[in-house]
Number of protein chains: 2
Amino acid sequence: MAKRSTTTEPAIDSTEQKIFDAAHEVFSQKGMDGAKMQEIADRAGINKALLHYYYRSKEKLYEMVARAILNKAVSAVREVLEKEMPLEEKIRRFIETYIGVISRNTFIPLFIISEINKHPERFFATILPQDLPKPHLFFQQVEAEIAAGRIRPIKPQHLLVHIISMCVFPFVGKPMMAVLLGMRPAKMQTFLKERTAEVTQFVLAALRPQ
Amino acid sequence: MAKRSTTTEPAIDSTEQKIFDAAHEVFSQKGMDGAKMQEIADRAGINKALLHYYYRSKEKLYEMVARAILNKAVSAVREVLEKEMPLEEKIRRFIETYIGVISRNTFIPLFIISEINKHPERFFATILPQDLPKPHLFFQQVEAEIAAGRIRPIKPQHLLVHIISMCVFPFVGKPMMAVLLGMRPAKMQTFLKERTAEVTQFVLAALRPQ
DNA sequence: GCAAAAATTAACCAAACGGTTAAACCTTAT
DNA sequence: ATAAGGTTTAACCGTTTGGTTAATTTTTGC
């Protein structure tokens with residue numbers, strides 16, 4: 001048996017970590033079904049049996065990787081959403097950090113969405129983190145600003161979904177957008193870099209009263 | 001050999017059609033990798049060999065189904081986007097029809113996006129329709145309205161991506177949104193029904209000059 | 001230094017998968 | 001009625017896949 005501590009993380013060059021990294025790559029690109037254990041082993045540069053030595057089964061390995069991916073996505077959102085700060089600044093920061101996280105890990109949203117759709121039970125039971133972002137404070141802030149007449153009336157839940165959609169979807173649907181807009185990869189990249197500013201401007205304009 | 005006409009569609013209760021429908025269900029839920037020929041056969045209530053009798057291989061069956069799914073999605077968008085009408089009306093109609101199509105076929109976007117990511121070559125070579133929507137007219141209209149001072153300045157490509165994102169993403173990420181917003185399925189359904197009005201209002205507010 | 005433990009490998013296994021085949025069944029035109 | 005051709009099935013085949021085993025190599029504790 002491998003002596004694996006649950007608290008300490010293994011060294012970056014350890015076999016266990018190499019497996020995890022390779023699995024991370026393959027799973028996030030191909031999902032649970034598309035990923036093959038042999039490919040993960042090859043990419044980690046080790047024998048296939050070692051996968052089962054360190055992580056008992058494909059399912060277990062998948063759960064580990066998926067949980068790590070989820071956590072990265074969730075913690076980034078939560079931090080901004082729950083912190084105390086003026087609404088406009090919060091919106092600005094939320095869009096900035098959200099697009100930042102996604103653009104550095106473009107596979108995350110598609111991975112989450114695909115896997116939820118294919119295996120909802122497993123996802124909600126064993127992969128989804130317990131400490132989800134609580135948008136309650138954000139909703140309260142929006143309603144307070146509306147009451148004070150500082151922003152146009154809007155249902156806060158829809159506002160949040162508007163923002164998340166505009167931040168996430170262009171990265172999820174990047175290839176489709178590129179075709180629709182007739183942009184080559186290079187042009188598409190600059191286009192996506194502009195989004196932080198464009199989304200922020202758009203949201204604030206839509207909230208401006210009158 | 002089955003005498004299959006390429007022009008006439010087979011009767012709804014024909015074996016060929018039953019296979020197609022079953023394949024449509026399974027492929028759209030599980031994608032190419034996740035779908036199993038046996039499951040398609042079972043759901044169609046026929047022997048597995050019949051799949052190969054009517055559609056030569058899994059790949060061919062997949063291509064048929066995928067093309068049908070794509071066409072439905074694409075043609076709906078194109079119609080509104082290319083038709084001549086005032087910009088505000090076009091935006092209203094675009095959002096309405098877009099959300100309409102998606103909400104009646106919630107699996108379409110995720111299917112397209114997933115499959116593009118896994119097999120870009122196959123997708124662009126054999127599945128994507130040739131006659132894609134041309135957003136050129138829409139872009140011209142937006143720029144004309146900006147020049148006339150009737151809407152706030154905005155890059156038309158970003159506007160289009162904003163709109164599409166807000167229309168599509170809530171359906172794609174529905175389970176995730178439900179968790180984040182703490183909504184049960186019933187509540188989520190009413191929430192999604194509100195989106196047509198909410199998105200329209202939001203976009204028009206963001207475009208209002210001043 | 002050496003034995004015990006951990007790490008790694010090659011070879012193998014059973015199940016699942018896409019696909020094939022040959023025979024049986026059904027329809028229909030004469 | 002019957003032969004021909006289209007339709008459907010059960011059984012089978014080769015390959016791939018996740019997983020196991022037994023043996024080998026490397027590391028570690030004393």
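First the proteins, then the strands, lettered A, B, ... as listed; each starts at 1. Keep in mind the model is a prediction, meaning the values are calculated, not measured.
- Computed from coordinates, the L50(A) CG to dA10(C) C1' distance equals 12 Å when rounded to whole Å.
- Note on S57(B): every side-chain N or O is 4.0 Å or more away from OP1 and OP2 of dG18(C).
- Below 30°, between 30° and 60°, or above 60°: for F94(B) and Y98(B) the angle between ring planes is above 60°, a perpendicular geometry.
- Neither OP1 nor OP2 of dT20(D) sits under 4.0 Å from any side-chain N or O of Y53(A).
- Here CD of E198(B) is found 10.5 Å from CD1 of I99(B). Values are rounded to the nearest 0.5 Å.
- Using cut-offs of 30° and 60° on the angle between ring planes, the pair H162(A) and H158(A) is tilted.
- We find that CD of E16(B) is positioned 14 Å from P of dG6(D), with the value rounded to whole Å.
- dA11(C) atom C1' lies 13 Å from atom CD of Q38(A), rounded to whole Å.
- Ring pair F20(B)/Y55(B) is tilted by interplanar angle, where 30° to 60° counts as tilted.
- No N or O donor and acceptor, one from the side chain of K58(A) and one from the base of dG19(D), sit under 3.5 Å apart.
- If you take CG of D33(B) and P of dG18(C), they are 10 Å apart, rounded to a whole angstrom.
- Atom C1' of nucleotide dT16(D) and atom CE of M37(A) are separated by 14 Å, given to the nearest angstrom.
- Whole-Å rounding puts the K36(A) NZ to dG18(D) C1' distance at 10 Å.
- Atom CG in N47(B) sits roughly 16 Å away from atom C1' in dC26(C) (whole-Å rounding).
- A35(A) comes within 4.0 angstrom of the backbone, heavy atoms only, and of no base.
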